[in-house]
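So you know, we letter chains A, B, ... as the sequences are listed, proteins then strands, and number each from 1. What you see is a predicted model, and the numbers here were worked out from it, not measured in a lab.
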There are 2 protein chains.
Amino acid sequence: MPRTKTTLIDPDVQLLQALAHPTRLAILRELTDTNEVCACDFTSCCDVSQPTVSHHLKILKEAGVIAAERRGTWIYYRIVPAAAERLRALAGELLGAPQVIPASALMAARPSRDARTPARA
Amino acid sequence: MPRTKTTLIDPDVQLLQALAHPTRLAILRELTDTNEVCACDFTSCCDVSQPTVSHHLKILKEAGVIAAERRGTWIYYRIVPAAAERLRALAGELLGAPQVIPASALMAARPSRDARTPARA
DNA sequence: GCTTAATATTGATGCTTGTCAATATAGACG
DNA sequence: CGTCTATATTGACAAGCATCAATATTAAGC
């Protein structure tokens, strides 16, 4: 499967992908510090050109991580608080599995799933 | 900057990138449900070939998200609990910015950063 | 040691992404 | 309305990534 456009459909993947880039992480860290940042300021902090900053801001905005507000000539960006909750929820859902291991899983010493399909001939 | 290999150096980015893929997310969800899964089981759940599963498992392992344990012929994977903490910490650090907005930032109606460098001629 | 089964690695290929230069759009202000 | 400044969009290109087929490795069991 050539991995169509599923990526853009799953909002969890979209959120994670939006965060999974050094420049965008730098943008977010800048926003964390300053709470509100004019778009023109990211060019200096991130060492990329203006169109690139604009591109990354768009990705973050489309993923619901940041929000934009125009004030005069400038556009200010800030972090959307709900994004933090989504990330925390993901951490809980995915990685916060209960630490109790059912004994059956340990004793089996064999895949406990089904009739052990040969996986692939 | 051609985005050298910074990606692989920043562990935060590495963690996020490891999670930011539909197949790998599916693998993790499977692990969340079953707690421990034999590698051969992912082929059926994720609709990709065996080498691809192996590849994704490697990425997750290198990012510290999962751990492998060999038991006889099979290799079992489980989630590393610390990964959840790292993700939660990231959520707090990045997106859990204090909600109080300093009045100065609102009144300025101009970037409050420095002498408003022209950003780029 | 040979065979069999599970997992990993290699190599090749197409898709996606990040980047910038050039250009377009939008608002401010005279 | 025309000019100036900030931001967005387009287009092109390079680099990275996901995928699979083929092959290698590793362990089990005879």
Residues in residues 52-60 of chain B with a heavy atom under 4.0 Å of DNA chain C, by number, are B/S54, B/K58

What integer distance in Å separates [X]:[atom1] from [N]:[atom2]?
| X | N | atom1 | atom2 | value |
| --- | --- | --- | --- | --- |
| B/H21 | C/dT17 | NE2 | C1' | 13 Å |
| A/Y77 | D/dA6 | OH | C1' | 11 Å |
| B/R70 | C/dT7 | CZ | P | 8 Å |
| B/F42 | C/dA6 | CZ | C1' | 14 Å |
| A/K61 | D/dT7 | NZ | P | 11 Å |
| B/L19 | D/dC17 | CG | C1' | 16 Å |
| B/E69 | C/dA6 | CD | P | 18 Å |
| A/E62 | C/dT17 | CD | P | 12 Å |

Quick check on D/dA27: is either OP1 or OP2 less than 4.0 Å from any side-chain nitrogen or oxygen of B/R71? no

Looking at every heavy atom in both A/V80 and A/I66, which two are closest together, and how far apart are they?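 So the two residues come closest at CG2-C, 3.6 Å.
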
What heavy-atom pair brings A/A83 and A/G64 nearest, and what distance separates the two atoms?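 Scanning both residues, the minimum pair turns out to be CB-O, 3.9 Å.
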
Given C/dA8, D/dC17, C/dC20, identify the nucleotide with an atom nearest to the side chain of B/I75. C/dA8

Between D/dC17, D/dT19, D/dA6, spot the one nearest the side chain of B/Q17, thanks.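 Comparing D/dC17, D/dT19, D/dA6 against the side chain of B/Q17, the answer is D/dC17.
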
Between B/T32 and B/L28 (side chain of the first, backbone of the second, donor and acceptor by atom type, cut-off under 3.5 Å), is there such a pair?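 Here the side-chain-to-backbone pair exists.
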
Does any N or O in the side chain of A/R86 come within less than 3.5 Å of the main-chain N or O of A/P11, such that one atom is a donor and the other an acceptor?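 Between the backbone of A/P11 and the side chain of A/R86 there is a qualifying donor-acceptor contact (under 3.5 Å).
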
Evaluate the side chain to side chain contact (heavy atoms under 4.5 Å, CB included) criterion for residues A/T52 and A/T23: first the C-alpha distance (whole Å), next the side-chain angles of each, then the deciding distance (0.1 Å), finally the verdict. CA-CA 10 Å; A/T52 301; A/T23 299; 5.6 Å; no

Return the 5'-most residue of the pair B/P51, A/T73 with respect to DNA chain C, ranking by each residue's nearest nucleotide.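 Whichever sits nearer the 5' end wins; that is B/P51.
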
Partner of B/Y77 under side-chain contact (heavy atoms from CB on, under 4.5 Å), picked from B/T34, B/L57, B/I27, B/V37, is B/L57

Begin from the C-alpha positions of B/I75 and B/E69 and carry the test side chain to side chain contact (heavy atoms under 4.5 Å, CB included) through to its verdict. CA-CA 6 Å; B/I75 297 181; B/E69 182 196 349; over 6 Å; no

A/R29 side, atom CZ; B/D12 side, atom CG - distance, nearest 0.5 Å: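 A/R29 CZ to B/D12 CG: 5.0 Å, rounded to 0.5 Å.
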
Would you give the length of the straight line joining atom CZ of A/R24 to atom CG of B/L94, rounded to the nearest 0.5 angstrom?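 Answer for the CZ-CG pair, A/R24 versus B/L94, is 13.0 Å.
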
Report yes or no: is there a donor-acceptor pair, N or O only, under 3.5 Å between the side chain of B/Q50 and the base of C/dA8?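 Looking at the base of C/dA8, it does pair with a donor or acceptor on the side chain of B/Q50 (distance under 3.5 Å).
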
Compute the bend angle of the helix from C/dG1-D/dC30 to C/dG30-D/dC1 from the end axes (five pairs per end), rounded to 10°.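 If I round to tens, the end axes sit 30° apart.
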
